[in-house]
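Here the structure comes first, spelled out in C-alpha cells, and everything after it is commentary.
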Amino acid sequence: MLFNKNHIVLGIILGICVPVIGYALFQILFETLTSMGIMEELSASSMDRRVRTLALLGICSIIIPFEIYRKKRYEKTMRGMVFPTIIYVGIWIYRYYDVLFVS
C-alpha cells in the first residue's frame with residue numbers, strides 16, 4: 001500500500017494534502033456548530049479571526065499523520081511532511097503578521 005512506504009515524496013504529498021483536508025473538515029465542523037446554535041454566528045469583525053483559526057487548525061492537523069509515521073520510524077516520510085508544513089506556516093505568518101505582531 002502507498003501509505004506504508006518510507007519515502008520523502010509520500011511525506012511531501014501528505015504535507016500538502018492533510019492541512020487542506022484538515023482545514024475543510026474544521027470548516028464543516030465550525031459551520032455545523034454554528035447552525036446548531038452552539039457557536040455564535042459570524043459577524044464581519046469575527047470572520048477574519050475564524051479564518052485565521054481554521055487555517056492554523058488545518059496546519060496543525062499534520063500532527064496526526066506525523067505521529068503515525070513517527071511510531072513506524074519512517075524518518076524519510078516525516079522529513080517530507082516538514083517541508084510543506086514550514087511553507088504553510090510561513091504563509092500563515094505572512095498573511096497575519098500585522099494582527100499577530102503589530103499592535
Side-chain angles (χ1 to χ4, degrees):
M1 179 163 205
L2 176 67
F3 294 111
N4 286 330
K5 306 267 186 202
N6 186 18
H7 202 276
I8 197 163
V9 175
L10 173 62
I12 291 171
I13 292 169
L14 287 172
I16 291 170
C17 296
V18 169
V20 173
I21 293 169
Y23 177 87
L25 291 176
F26 281 114
Q27 185 174 19
I28 291 168
L29 176 67
F30 275 40
E31 288 175 1
T32 302
L33 292 174
T34 302
S35 68
M36 293 172 58
I38 296 173
M39 290 180 69
E40 292 182 27
E41 292 286 329
L42 283 179
S43 64
S45 63
S46 65
M47 182 63 153
D48 193 45
R49 282 185 294 174
R50 181 165 295 182
V51 171
R52 185 178 68 225
T53 302
L54 287 170
L56 187 59
L57 287 171
I59 292 169
C60 290
S61 65
I62 196 68
I63 293 171
I64 296 168
F66 193 85
E67 276 299 305
I68 292 169
Y69 286 103
R70 186 188 64 80
K71 288 182 181 179
K72 293 181 179 183
R73 299 187 188 270
Y74 286 0
E75 288 85 13
K76 291 179 184 176
T77 305
M78 291 168 41
R79 197 171 296 131
M81 284 190 271
V82 170
F83 298 126
T85 303
I86 289 172
I87 293 170
Y88 281 138
V89 169
I91 292 169
W92 186 84
I93 290 172
Y94 177 78
R95 169 70 175 89
Y96 298 107
Y97 182 83
D98 293 339
V99 177
L100 297 171
F101 300 111
V102 179
S103 295

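Start at 1 with the first residue, then count along the sequence. Bear in mind the structure is a predicted one, so any value in this text is a computation, not a measurement.
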Exercise. In the single-linkage hydrophobic clustering (I, L, V, M, F, W, Y; side-chain heavy atoms under 4.5 Å), do Ile21 and Ile68 co-cluster?
Worked result: no
Problem set entry | CA sep, side-chain torsions, deciding dist, call: Val51, Tyr96, side-chain contact (heavy atoms from CB on, under 4.5 Å) | CA-CA 11 Å; Val51 171; Tyr96 298 107; 3.5 Å; yes
Exercise. Do you know which two heavy atoms are closest between Arg70 and Met78, and how far apart they sit?
Worked result: CA-SD, 3.3 Å
Seminar exercise, completed: Looking only at heavy atoms, the pair that brings Ser61 and Pro19 closest together is OG-CA, 3.8 Å
For this session: Of all the heavy-atom pairs spanning Ile12 and Pro84, show the shortest one and how long it is.
Result: O-CG, 3.6 Å
Exercise. When rounded to the nearest 0.5 angstrom, what distance separates CG in Leu100 from OH in Tyr94?
Worked result: 14.0 Å
Seminar exercise, completed: Of all heavy-atom pairs linking Gly15 and Tyr88, the shortest is O-CE1, 3.3 Å
Problem set entry | Pair Thr34-Arg50, side-chain donor/acceptor within less than 3.5 Å | yes
For this session: Grab the two heavy atoms, one from Leu14 and one from Met81, that are nearest each other, plus how far apart they are.
Result: CB-CG, 4.1 Å
Problem set entry | Arg95: side-chain hydrogen bond (donor to acceptor under 3.5 Å, both in side chains) partners, not counting sequence neighbours | none
For this session: Output the distance between atom CZ (Phe30) and atom OG (Ser35), rounded to the nearest 0.5 Å.
Result: 13.0 Å
Exercise. In Å and rounded to the nearest 0.5 Å, what is the CD1 to SG distance from Ile13 to Cys17?
Worked result: 7.0 Å
Problem set entry | Same apolar cluster (I L V M F W Y, side chains within < 4.5 Å links), Phe83/Val9 | yes
Exercise. Nearest 0.5 Å, what's the CZ-OG1 distance between Phe66 and Thr85?
Worked result: 8.0 Å
Problem set entry | Atom pair CG (Leu54) and CG (Leu25), whose distance is rounded to the nearest 0.5 Å | 11.0 Å
Exercise. When you measure from the side chain of Thr77 to the backbone N and O of His7, does any donor-acceptor pair fall under 3.5 Å?
Worked result: yes
Exercise. Can you tell me if Trp92 uses its side chain to pair, donor with acceptor, with the backbone of Tyr97 under 3.5 Å?
Worked result: no
For this session: Taking the side chain as every heavy atom from C-beta outward, state whether Leu56 and Tyr23 have any pair of such atoms under 4.5 Å apart.
Result: no
Exercise. Is the number of heavy atoms from other residues, nucleotides or ligands under 6.0 Å of Ile64 CD1 greater than 12?
Worked result: no
Exercise. Do Val89 and Phe101 share a hydrophobic cluster, counting only Ile, Leu, Val, Met, Phe, Trp and Tyr and linking them when any side-chain heavy atoms are less than 4.5 Å apart?
Worked result: yes
For this session: State the OH-CG distance between Tyr74 and Leu10, to the nearest 0.5 angstrom.
Result: 10.0 Å
Problem set entry | Asn6 vs Tyr69, side-chain contact (heavy atoms from CB on, under 4.5 Å): CA-CA, chis, key distance, verdict | CA-CA 9 Å; Asn6 186 18; Tyr69 286 103; over 6 Å; no
Exercise. Can Ile87 be reached from Ile59 by stepping across I, L, V, M, F, W or Y side chains whose heavy atoms are under 4.5 Å apart?
Worked result: no
